[in-house]
Amino acid sequence: MSVKSVSIRMEEEMLKKLGFVAEYEGRSLNSHVLVLIRENIRAFEAQNGSITFDLPPADNVKPTAK
């Protein structure tokens, strides 16, 4: 499995708070963000079923808001 990087923008206060929680949990900021992402994916799949990539993107993407 290859590892990719992502850059995100957030308010400084949010970043500081996220860093505080990560340190409290004994994790690096990067590791903590990965934990949060994994938990989010796990919750999504529990509610909606496994995410698969064998469908065309149009069939595997939530419709845009109107």
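Remember, predicted model here, so these are calculated numbers, not experimental data.
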Salt bridge (charged side-chain N to carboxylate O under 4.0 Å, His left out): which pairs involve residues 36-46, sequence neighbours left out? none

Quick note, salt bridge (charged side-chain N to carboxylate O under 4.0 Å, His left out) partners involving residues 7-16, not counting sequence neighbours, are Glu12-Lys16, Glu13-Lys17

Name each donor-acceptor pair under 3.5 Å that joins a side chain in residues 24-35 to protein atoms two or more places apart or in another chain, with its distance.
from	atom 1	to	atom 2	distance (Å)
Arg27	NH1	His32	ND1	3.2
Ser28	OG	Ser31	N	3.0
Ser28	OG	Ser31	OG	3.1

Once side-chain contact (heavy atoms from CB on, under 4.5 Å) is applied, do any residues pair with Phe20, and if so which ones, sequence neighbours excluded? none

Are Met14 and Val6 connected in the hydrophobic side-chain network, where two residues link if heavy atoms are under 4.5 Å apart? yes

